[in-house]
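Reading through the structure tokens given below for one structure.
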Amino acid sequence: MEVSSFTRGGATLSELWGGARKALRKASASGTPFNVVVLQEDLPETTPALFLAALQNFVPEIRAHGAEPILFMAWAYDRLRAAASDGDIERAHATAAETHNVN
């Protein structure tokens, strides 16, 4: 198994989009495409609406390269719990999963 990552601490999916798109294309062109791409949004640092908007870019691109997108849900930060609770984050992921047919 080979594992790679494209991350930047505190970055939202929207901020990672350009580089992630290049990484998907590079992996496909090299003959070693990804099988699975795990997406973790930085909620509550961003909003559920921006999360869903980012997935409109990511999910089709991931699938176009033959990989399966997977959503990884992290819990609310103590310092930002007033902005978004665990329930808020769970609802955002449930909506995203249903909207984009993603696990």
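To the nearest 0.5 angstrom, E45 atom CD is 14.5 Å from F51 atom CZ. Interatomic distance, I70 CD1 to L39 CG, rounded to the nearest 0.5 Å: 9.0 Å.
Residue L71 comes nearest to A96 through the heavy atom pair CD1-CB, 3.8 Å, listed as atom of the first residue, atom of the second, then distance.
Residues passing the ring pair (Phe, Tyr, Trp, His ring centres under 6.0 Å) test with F34, sequence neighbours excluded: none.
Under the side chain to side chain donor-acceptor pair (under 3.5 Å) criterion, the residue pairs touching residues 23-38 are R25-E61, S28-H65, S30-T32, with sequence neighbours excluded. Here side chain to side chain donor-acceptor pair (under 3.5 Å) pairs that include residues 89-103, with residues two or more places apart or in two chains, are D88-R91.
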Contacts table for residues 4-23: side-chain donor-acceptor under 3.5 angstrom, sequence neighbours left out:
| unit_1 | atom_1 | unit_2 | atom_2 | d |
| --- | --- | --- | --- | --- |
| T12 | OG1 | E15 | N | 3.2 |
| E15 | OE1 | T12 | N | 2.9 |

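Neither L52 nor V59 shares a network with the other; the hydrophobic side chains, linked directly or stepwise wherever heavy atoms of I, L, V, M, F, W or Y lie under 4.5 Å apart, form separate groups for each.
No side-chain heavy atom of I62 sits under 4.5 Å from any side-chain heavy atom of E68.
Taking a 4.5 Å side-chain heavy-atom cut-off between Ile, Leu, Val, Met, Phe, Trp and Tyr, the cluster of L50 contains only that residue.
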